[in-house]
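The structure appears right after this line, and notes come after that.
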Amino acid sequence: LSFYLNNKRIINCKQFLSLNLTSLNTLFQIQTGDSDANFNILEFNYRDPICPMFLANATIRSLNIRHMINTFYKSNYLHFEPNFENVDLNTTINILVFSQVEKVDLNSRLLHPRVFKHLIRIHFYGEIRSIEANVFKPFKRLIHLVLEIGYFQTLIHKNGIDWINSINYG
């Protein structure tokens with residue numbers, strides 16, 4: 001998954017900020033004329049961390065991400081640069097769906113607190129390796145969390161249940 005401006009690839013937030021853009025219109029913002037927009041990210045190469053600013057000012061009803069893996073042999077999973085935790089990106093994504101994933105860690109690099117600030121629902125279909133203890137804490141509006149039951153028992157045995165407290169924090 002790559003982002004470009006004027007045919008030049010933007011690799012990270014530092015490079016993005018150096019452009020000194022006065023107005024930011026992301027692909028997601030341009031494509032979403034209404035709040036019922038759905039985006040599907042299917043079978044991309046998530047090689048580099050994504051700058052959270054790439055999703056600034058976006059309004060997306062449902063973001064569906066498919067085919068992530070984080071194993072010894074292959075690493076291809078979406079993750080954000082750990083910046084902008086205190087910046088309002090003006091991003092609204094209500095529903096986040098991960099499908100066909102393998103051994104992915106649910107942490108703040110995947111579930112960036114500002115990008116997904118307005119989440120109402122998260123669906124995760126696949127194997128979760130671990131869940132960061134406070135990963136759901138920033139999501140005050142989260143009312144629906146779906147985890148695939150086939151992997152749930154193994155996850156609880158290996159990871160514990162401390163993360164459950166962060167769901168009802170707000």
Side-chain angles (χ1 to χ4, degrees), residues 1-4 9-16 26-28 38-56 58 60-87 89 91-139 141-142 144-167 169:
L1 190 60
S2 299
F3 295 87
Y4 290 83
R9 184 169 179 241
I10 309 300
I11 298 172
N12 56 38
C13 288
K14 183 178 177 182
Q15 187 180 16
F16 183 79
T26 66
L27 165 70
F28 299 99
N38 297 305
F39 277 94
N40 296 302
I41 301 176
L42 311 171
E43 302 185 42
F44 278 90
N45 182 353
Y46 308 107
R47 178 180 47 215
D48 300 313
I50 296 173
C51 176
M53 295 294 291
F54 294 155
L55 288 157
I60 300 171
R61 182 181 166 279
S62 178
L63 179 61
N64 304 296
I65 301 169
R66 192 169 76 184
H67 289 297
M68 293 194 312
I69 187 168
N70 190 19
T71 66
F72 177 76
Y73 299 106
K74 185 174 183 179
S75 181
N76 185 36
Y77 63 98
L78 178 80
H79 55 289
F80 290 91
E81 285 187 53
N83 303 327
F84 302 99
E85 281 85 4
N86 298 319
V87 175
L89 299 173
T91 300
T92 301
I93 300 172
N94 297 123
I95 301 168
L96 181 60
V97 179
F98 295 99
S99 60
Q100 298 178 356
V101 298
E102 186 177 344
K103 298 189 185 303
V104 173
D105 301 311
L106 285 185
N107 56 35
S108 58
R109 298 279 312 270
L110 175 63
L111 299 175
H112 193 281
R114 293 298 176 172
V115 171
F116 299 114
K117 179 180 178 181
H118 297 286
L119 274 179
I120 297 170
R121 306 176 84 143
I122 300 174
H123 298 255
F124 205 94
Y125 302 107
E127 184 179 359
I128 301 170
R129 182 173 36 209
S130 68
I131 301 179
E132 189 177 277
N134 291 319
V135 72
F136 299 112
K137 194 173 183 179
F139 311 126
R141 299 176 184 189
L142 184 65
H144 193 104
L145 175 64
V146 175
L147 304 175
E148 193 167 342
I149 194 70
Y151 300 106
F152 192 72
Q153 184 176 6
T154 304
L155 173 68
I156 297 301
H157 282 275
K158 288 173 58 178
N159 200 63
I161 59 171
D162 292 339
W163 57 271
I164 293 174
N165 292 325
S166 72
I167 295 173
Y169 184 77

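- S166 approaches V135 most closely through the heavy-atom pair OG-N, 4.0 Å.
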Original post:
Can you check side-chain contact (heavy atoms from CB on, under 4.5 Å) on L55 and L89, steps first, answer last?
Top reply: CA-CA 8 Å; L55 288 157; L89 299 173; 5.9 Å; no
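- Y125 and H123 are linked by a side-chain donor-acceptor pair at a separation below 3.5 angstrom, with hydrogens and angles left out of the test.
- With a 4.5 Å cut-off on side-chain heavy atoms, P52 and H112 count as touching.
- Residues satisfying the salt bridge (Lys or Arg N to Asp or Glu O under 4.0 Å) test with R129, not counting sequence neighbours, are D105.
- By the side chain to side chain donor-acceptor pair (under 3.5 Å) test, H144 is found to be paired with R121, residues two or more places apart in sequence or in another chain being considered.
- E127 contributes atom CD, which lies 7.5 Å from atom OG1 of T154 (distance to the nearest 0.5 angstrom).
- Applying the side-chain contact (heavy atoms from CB on, under 4.5 Å) rule to F124 yields the partners F98, V101, V104, L106, L110, I128, L147; only residues at least two apart in sequence or on another chain are considered.
- Put simply, the side chain of R109 reaches to within 4.5 Å of the side chain of P82, judged on heavy atoms.
- Of all heavy-atom pairs between N94 and H118, the closest is ND2-O, 3.7 Å.
- Side-chain contact between N76 and H67: absent, with no pair of heavy atoms (C-beta onward) separated by less than 4.5 Å.
- For E132, there are no salt bridge (Lys or Arg N to Asp or Glu O under 4.0 Å) partners two or more places apart in sequence or in a different chain.
- A heavy-atom distance below 4.5 Å is not found between the side chains of F136 and L119.
- Looking at heavy atoms from C-beta onward, L78 lies in side-chain contact with I50 at the 4.5 angstrom threshold.
- With values rounded to the nearest 0.5 angstrom, I149 atom CD1 is found 10.5 Å from L155 atom CG.
- For K117, the salt bridge (Lys or Arg N to Asp or Glu O under 4.0 Å) criterion is met by no residue, not counting sequence neighbours.
- Looking at heavy atoms from C-beta onward, I69 lies out of side-chain contact with K103 at the 4.5 angstrom threshold.
- In this view, D162 satisfies the salt bridge (Lys or Arg N to Asp or Glu O under 4.0 Å) rule with no residue, not counting sequence neighbours.
- Nearest heavy-atom pair across C51 and F80 is C-CD2, 4.5 Å.
- Between the CD atom in E81 and the CE atom in M53 there is a gap of 11.0 Å [rounded to 0.5 Å].
- Looking at I156 and W163, their side chains come closer than 4.5 Å, going by heavy atoms from C-beta outward.
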